[in-house]
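Below you'll find the structure, written out as structure tokens, and then a few comments.
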Amino acid sequence: MSERRFPAPSTVSEQARAWLAVDGGELSYPAAGDTEAWLAMAERANRSTARRFPVSELPVTVEDLDVDGATVYAARPHGVEEEMDEPVFLWMHPGGLLVGGGDACRATTARTALSTDVLVWGVDYRLPPLHPYPAALDDALAVYRRVLRDRGPSRVFVGGDSAGGNIAAALLLRAKDAGLPMPAALVLNTPQVDLTEAGDTFRTLAGVDNVLRSLQATNALYAAGADLRDPYLSPLLGDLSGFPPTFLRSGTRDLFLSNTVRMHRNLRDAGVEAELHVFEAMPHGGFGGDTPEDREAAAEQRRFFEKHGALAATVREKKDS
């Protein structure tokens, strides 16, 4: 669908209005079987992300870990001291189930640690075309098992943004099926939880969201022939009973708004405590990260974390002083 432009409303900040004026443009995908072209596309995107968010300029320390064969970036904000049994946020990066790995994952993990004020383990899960489903989910489960060996589940928090929300929610379904305990809480920021793209806003907001377009091509690449309705691929369609308290965020111009509100309703129907935060005029992923609205969204997530015990004592003392 061609882009549909609406004027930025006066109800958001000047910075947000400037972000809404940016033309995201159309994205063309390689042929399904052109592995080299897909890899080149992912590499270009990852280099761009790493350049935009240089880790060296951030007040955060990042350690590269090999966790039972999966690559993890452990990001600790300056001022968050290492403690016995400290909370950890097991975070899954965005990228449409195609991009966002490597140096891009390291960069976005560092930014997530700064916005949350907790130790973040960013999982650099494997991706197609070389490693389609279930490789990413296998990596996430391996890291989750490892984290649970080090600390109690009440000190573990799981979440993800966009495609990372898919991996995070599917991880909990798979962990539950494996008899593993649930974490203290789950965070789903504008999550890609229905790869069938059945929701209303995939049509009503197509061409309105200036950041995101349909991801049917990458969904198919990721699934590699598996049924997109499988809950491990589309966790919105799974049995969500027993899930931990969940934070969900979206915006009124977010193509994934339907994903988010439907996931919220399904969680509530399953008896799960769930918070839904929908921001005015916000497209997919926010307004670029440095607007009053983005800061408010981050503050809401920190309040959720604090409510469920994720903020380290050193951070609480720093903020209270």
Q) Using 4.0 Å as the upper bound for N to carboxylate O, is an ion pair formed by Glu296 and Arg249? A) no

Could you tell me whether a side-chain N or O of [X] sits under 3.5 Å from a main-chain N or O of [Y], the two making a donor and an acceptor?
{"X": "Asn46", "Y": "Met41", "result": "no"}
{"X": "Glu293", "Y": "Ser13", "result": "yes"}
{"X": "Asp209", "Y": "Leu212", "result": "yes"}

Residues pairing under side chain to side chain donor-acceptor pair (under 3.5 Å) where one sits in residues 252-262, two or more places apart or in two chains, turn out to be Thr190-Asp254, Asp194-Arg262, Thr201-Ser258, Ser250-Asp254, Asp254-His284

Determine, using the 4.5 Å side-chain heavy-atom cutoff (strictly less than), whether [X] and [Y] are members of one ILVMFWY cluster.
{"X": "Leu173", "Y": "Met182", "answer": "yes"}
{"X": "Leu58", "Y": "Val72", "answer": "no"}
{"X": "Tyr232", "Y": "Leu127", "answer": "yes"}

Smallest separation among heavy atoms of [X] and [Y], with atom names:
{"X": "Gly96", "Y": "Leu215", "result": "CA-CD1, 4.0 Å"}
{"X": "Pro181", "Y": "Tyr144", "result": "O-OH, 2.5 Å"}
{"X": "Ala169", "Y": "Val193", "result": "CB-CG1, 4.3 Å"}
{"X": "Asp294", "Y": "Gly286", "result": "OD1-CA, 3.6 Å"}

#### Entry: Ring centers of His131, Tyr125 separated by less than 6.0 Å
no

Q. Can Glu43 and Arg47 be said to form a salt bridge (Lys or Arg N to Asp or Glu O under 4.0 Å), step by step?
A. CA-CA 6 Å; Glu43 179 60 25; Arg47 283 200 305 266; 3.4 Å; yes

task: For Glu197 and Ser214, test the side chains for any donor-to-acceptor distance below 3.5 angstrom and give the result as yes or no.
output: yes

Side-chain donor-acceptor pair present, Thr11, Glu280, cut-off under 3.5 Å
yes

Side chain to side chain contact (heavy atoms under 4.5 Å, CB included) with Trp91: of Val158, Thr112, Val123, only one passes, and it is Thr112

When Leu195, Val99, Leu98 are each screened for side chain to side chain contact (heavy atoms under 4.5 Å, CB included) with Thr218, the one that passes is Leu98

Side chain to side chain contact (heavy atoms under 4.5 Å, CB included) between Met263 and Leu188, intermediate numbers included:
CA-CA 9 Å; Met263 187 72 174; Leu188 300 175; 4.0 Å; yes

| query | Between Phe157 and Phe305, how do the two ring planes meet: parallel, tilted or perpendicular, split at 30° and 60°? | reply | tilted

Which of Arg126, Arg145, Arg146, Arg174 passes salt bridge (Lys or Arg N to Asp or Glu O under 4.0 Å) with Asp139? It is Arg126

Interatomic distance, OG1@Thr196 vs CG@Asp230, rounded to 0.5 Å, equals 12.0 Å

Are more than 12 heavy atoms from other residues, nucleotides or ligands located less than 6.0 Å from atom CZ of Arg151?
yes

Would you list the atom pairs, donor with acceptor, under 3.5 Å between side chains in residues 59-69 and any protein atom, with sequence neighbours excluded?
| unit_1 | atom_1 | unit_2 | atom_2 | d |
| --- | --- | --- | --- | --- |
| Asp64 | OD1 | Arg106 | NE | 3.4 |
| Asp64 | OD2 | Arg106 | NH2 | 2.6 |
| Asp66 | OD1 | Gly69 | N | 3.0 |
| Asp68 | OD2 | Arg149 | NH2 | 3.2 |

| task | Could you walk me through whether Arg17 and Glu14 pass the salt bridge (Lys or Arg N to Asp or Glu O under 4.0 Å) test, one step at a time? | result | CA-CA 5 Å; Arg17 292 197 298 271; Glu14 181 180 349; 5.1 Å; no

